[in-house]
Amino acid sequence: MSHHVTFQDLPEGGEKFDPARGSKLIGGFAMAGLIGLIGSAFFFFTRTDTFAYSWLFAVFVAFTVVVGACFWILLHNASNSGWGISIRRLFENLANMILVVGLFALPLLVPAVQNPLWEWMAHHREAAHHAHDSGETVKEALHHMAQADSHLHILVEKFGYLNIGGWHVRFFLYFTILWFIASTLRKRSVMQDSDGNIKHTIWSRQFSCLLLFFFALTATFASVDWLMTLDYSWFSTMWGVYIFAGCAWSSMAVMILLVTWLKSLGYLNKVVTDEHYHLMGKLLFAFTVFWAYIAFSQYFLIWYANITEETRFYLTRNTETWRWVSIFILVGHFAGPFVILLDQQRKKKTRWMVGMCLWILFMHVVDIYWNIIPERGPSLTHGEQWLIPYAWIQDVFALLAVVGGVGFVFLRGLGKFSLYPCRDPRLIESANVVN
Amino acid sequence: MEATSHASAPTPSEPRILEREPLVLNNRSYSWITNRICGIVENKQPFLWWILFIPSVILTGVTVFCFTYLISTGVGVWGQKQPVAWAWDITNFVFWIGIGHAGTLISAILFLTRQKWRTSVNRAAEAMTLFAVMCAGLFPGFHVGRVWMVWFLAPIPNANAIWQNFKSPLLWDVFAVSTYFTVSVIFWFIGLVPDLATLRDRCKPGLRKMLYGMFALGWRGGNRHWSHYETAYMLLAALSTPLVLSVHSVVSFDFATSVVPGWHTTIFPPYFVAGAIFGGFAMVLTLMIPARKIYGLQDLITAKHIDNMSKIILLTGTIVGYAYSMEFFMAYYSANKYELQTFQLRGLYGPSVWYYYCMFGFNVFAPQLFWSRWCRHNLWVVMFVCMCVNAGMWFERYVIIVTTLERHLTPGSWRTFSPTWVDIWTFVGTFGLFMMLFLLFLRFLPVIAIGEVKGVLPQSDPHYDPDREKGIQEEDLMDYPDRHVAKPGTAAATA
């Protein structure tokens, strides 16, 4: 260790980001967002049925990264950790993007988007229509519909949870809870920047312990409502954990990229060292394995038991070209990062880590794509592709719009507060961390 | 770089750093640590040790008797009959295997995550792991019926040219548990080497010195020794970490790969692992709270250690609660009537519904007491919760295994299970075996890793700067009524 950093070595009030210095990247995000939005607007009005999937995919990618950031700040506070104080503010800022993601998620509330995405909603709406005509309840109407089409019977059974009103209430609840967590923790953190009161640290720890529970429920049921119900007959108790594993993984990758970018602009150099890269790399490695463990367990148990209601999820993804995507995920999402991140020295080398994190983000996007898009069509390139010509272009535009938009707002807002919690009582511990 | 001040700088007198609680209290010296820990082995055992040891030996004898009776009579002496073919035996197996998880978790995962507080409890937890796995192994071993043919489980050619069923999770269990046990023994032993050398060096010549010397493998504490030791320890920690996850995941596969409603659910692997860590930590505390009192180890196993372990119990208990709830939710959401009925029979109106309430109450509600700092610092409350968890984790396995089989898919063959005296005493006897082994461990081996505890003292840090800016302890900041760290200036018993 070269020099022991003390408060005297750090600028009073911390370091503030000047957006002008990062204008290239910010401009890039703005441009991507603009192009994406124009393309998305076109597809939204011309091919709503297929574009609905693209938009859900793009919003969910951004959602997972932000949820992951929320998890990391909760975990960091709850576990009374010291090493990551230097990067905690960046996570806090990222978690606060939940409202922007919520804004991008608003089109998912449009019935024309919902009906092709969530088939059960279309059936419910049809039932509501019948109910309106006949004066019965929606559930009764669904029951009548199920007499003609027995597949719909499970919708009657699930009605207590899976109904349009409940879905919308939960939709707002998820964003509200996440926003409450993110904004409260950042507020406390920023207050500490100005008053230096150590009690904020204790308070944030207690708050985080309590809110972790609500966070877990939010992440679980958001993934159930938005992804699992794409096929209303499929279910898996592991689902929430599986999605969560990807959230934490991708968010840490974003953080490493962000820290590297800021360091290249001259920020954070006194508080973030190789040791932080090593620690972040280790967590990235841990979640590479955790994701694989969860993904494998889910696949394996469904494969082994071979029950029709469950296997349909993997049958779709193991046929036609999706099969190759599945194999690609196995290699790219697990095997590759596992081998590369195993080495201690590599985790401390910025170039390796940047390359790895870009790859991880790409694989995370592929994973979310693989989870959502097969419900739109059974193949990437063959079979019924003629029904949805060039649908993947819509996916690219949607991703550009959401990621570009969220990225732009995030980076623009980065200068509002110090880049690290400058009066945190564990900042010096973090700056001098030896791993 | 632009730097903007948000507020005036704090006055120099105002503390700006939140200090970590010391892991060894009262500024204890290296020699005090060595003397205190080695003293347990070197001095006569307290009377309480004998009070605990003699009944443990008797109970071990009871288990030996029960198994002998089983071998001579047949597995029918246990209470299981179709459709409840797995009952207390497999419940006990999963229960003990679960307890055998905390040791390696503390040793390996907490080591890799640089949780220094592990040093005071890892040795005892590892020992406990080994003894728990031994107890666990007995049950499936004898459940096979003809125990003298249990070697058929090993993948070696046998006289009858029978190959094992490699597609069966039961066989994977054999591999997983035996691998886990082997690596845990090696890991435990490697960690013991420097301390065995310490004991060797303090012994008078004789049998003891010879044995400690033999197992200390010629350790002299040189730089090369420590360098090799630390590399080996790190590698074994990395090797053990996936094993912690794999053992209970494979145990969960015994159930989850089936198509039995209530058993086949995808969340089982992480749910079992979380439950195992949960139960393991409860058992560590159950053993270590009395041990620290009896042997005067309060400065080494501090309130902070107990506080941390209580928090892990709270966390894992809540994760287990999440898994229970997700199972129930998905049973409803799946709209699968068999799945739903299984859970209704378990939790609402089945014949063994009180087992479910015990499980949920002990495992999910009782640990919620640990939200309160007062509860985490009151040893009676901590012991109460740990006892709840110990019992609750047994109930959990019973609920999963027995209550499911009691109400299997064919109502005509429904049957309520009741244990025989052999079931009960075999299980009770394993507690004797477990305690006996643990007490022998206390008697002959250093209960705390001497070398490692010394390594977490502030003066062991090569970068330790005595002139660094002083901060404030959380106890002083928050003015907690129960203090554990002496107030600055008032501290300090020395060795």
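Each chain gets a letter, A, B and so on, in the order the sequences are listed, and its residues count up from 1.
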Discussion item. Within this structure, what is the CZ-CG distance for the pair A:Arg205 and B:Leu18, rounded to the nearest 0.5 Å?
Written reply: 8.0 Å
Worksheet item: What is the ring orientation for A:Tyr161 with A:Phe221, classed by angle as parallel under 30°, tilted 30 to 60°, or perpendicular over 60°?
Response: tilted
Worksheet item: If you draw the axis of the six-membered ring of A:Tyr232, does the NZ or CZ of A:Lys158 fall within 45° of it and under 6.0 Å from the ring centre?
Response: no
Worksheet, complete the sentence: Of the listed A:Met228, A:His153, A:Glu309, A:Gln206, the one with the largest count of heavy-atom pairs under 4.5 Å with chain B is A:Met228
Worksheet item: Among A:Leu162, A:Thr201, A:Ile202, who wins on heavy-atom pairs under 4.5 Å with chain B?
Response: A:Ile202
Worksheet item: Using non-hydrogen atoms only, which part of A:Gln192 is less than 4.5 Å away from chain B: side chain, backbone, both, or neither?
Response: neither
Discussion item. Parallel, tilted or perpendicular, judged at 30° and 60°: which one describes the rings of B:His101 and B:Tyr180?
Written reply: parallel
Worksheet entry | Most contacts with chain B, counted as non-hydrogen pairs under 4.5 angstrom, among A:Phe213, A:Phe300, A:Trp303 | A:Phe300
Response to the item:
Cut-off 4.5 Å, heavy atoms of chain B, and the answer for A:Ile198 is both
Fill in: Max heavy-atom pair count under 4.5 Å with chain A, selected residue of B:His264, B:Arg114, B:Met326
B:His264
Practice prompt. Could you pull out all residues at least two apart from A:Glu310 that satisfy salt bridge (Lys or Arg N to Asp or Glu O under 4.0 Å)?
Written response: none
Worksheet, complete the sentence: Honestly, the part of A:Thr229 sitting under 4.5 Å from a heavy atom of chain B is both
Worksheet entry | Options A:Val156, A:Asp424, A:Leu265, A:Leu210, ranked by heavy-atom pairs under 4.5 Å with chain B, top entry | A:Leu210
Discussion item. Angle between ring planes, B:Trp117 versus B:Phe281, binned at 30° and 60°: parallel, tilted or perpendicular?
Written reply: tilted
Fill in: Region of A:Val224 that comes under 4.5 Å of a non-hydrogen atom in chain B
side chain
Worksheet item: For B:Val260, is it the side chain, the backbone, both, or neither that has a heavy atom closer than 4.5 Å to a heavy atom of chain A?
Response: neither
Discussion item. Ring-plane angle category for A:Tyr314 and A:Trp234, please: parallel below 30°, perpendicular beyond 60°, tilted otherwise.
Written reply: perpendicular
Item to complete: Decide yes or no on side chain to side chain donor-acceptor pair (under 3.5 Å) for B:Ser240 and B:Thr104, but give the supporting numbers first.
Response: CA-CA 7 Å; B:Ser240 304; B:Thr104 311; 5.9 Å; no
Item to complete: Under the salt bridge (Lys or Arg N to Asp or Glu O under 4.0 Å) rule, collect the residues that match up with A:Arg188, sequence neighbours excluded.
Response: none
Practice prompt. Could you tell me which residues satisfy side-chain hydrogen bond (donor to acceptor under 3.5 Å, both in side chains) with A:Ser208, sequence neighbours excluded, listed by chain and number?
Written response: none
Response to the item:
Within residues 332-344 of chain B, the residues sitting under 4.5 Å from chain A by heavy atom, in sequence order, are B:Tyr332, B:Tyr333, B:Ser334, B:Ala335, B:Asn336
Worksheet, complete the sentence: Pair count under 4.5 Å, heavy atoms only, with chain B: among A:Gly240, A:Ser236, A:Gly196, highest is A:Ser236
Discussion item. At a heavy-atom distance under 4.5 Å, which candidate from B:Arg20, B:Arg468, B:Glu19 has the highest pair count against chain A?
Written reply: B:Arg20
Item to complete: Fit a plane to each ring of A:Phe71 and A:Phe287, take the angle between them on a 0 to 90° scale, and name the class: parallel (under 30°), tilted (30 to 60°) or perpendicular (over 60°).
Response: perpendicular
Discussion item. Between A:Asp343 and A:Lys347, does any NZ, NE, NH1 or NH2 come within less than 4.0 Å of an OD or OE carboxylate oxygen?
Written reply: no
Discussion item. Which atoms of B:Glu474 are under 4.5 Å from chain A, going by heavy atoms: the side chain, the backbone, both sets, or neither?
Written reply: side chain
Worksheet entry | Contact class of B:Tyr271 relative to chain A, heavy atoms under 4.5 angstrom | neither
Practice prompt. Indicate yes or no: does A:Arg423 engage A:Asp195 in a salt bridge with an N to O separation below 4.0 Å.
Written response: no
Item to complete: Counting only heavy atoms closer than 4.5 Å, note whether A:Tyr293 contacts chain B via side chain, backbone, both or neither.
Response: side chain
Item to complete: For each of A:Ala216, A:Cys209, A:Ser297, tally heavy-atom pairs with chain B at distances under 4.5 Å, and name the one with the top tally.
Response: A:Cys209
Worksheet item: Aromatic rings A:Trp83 and A:His276: how do their planes relate, parallel, tilted or perpendicular, breaks at 30° and 60°?
Response: tilted
Practice prompt. With a 4.5 Å cut-off on heavy-atom pairs, point out which of B:Thr257, B:Ile17, B:Val259 contacts chain A the most.
Written response: B:Thr257
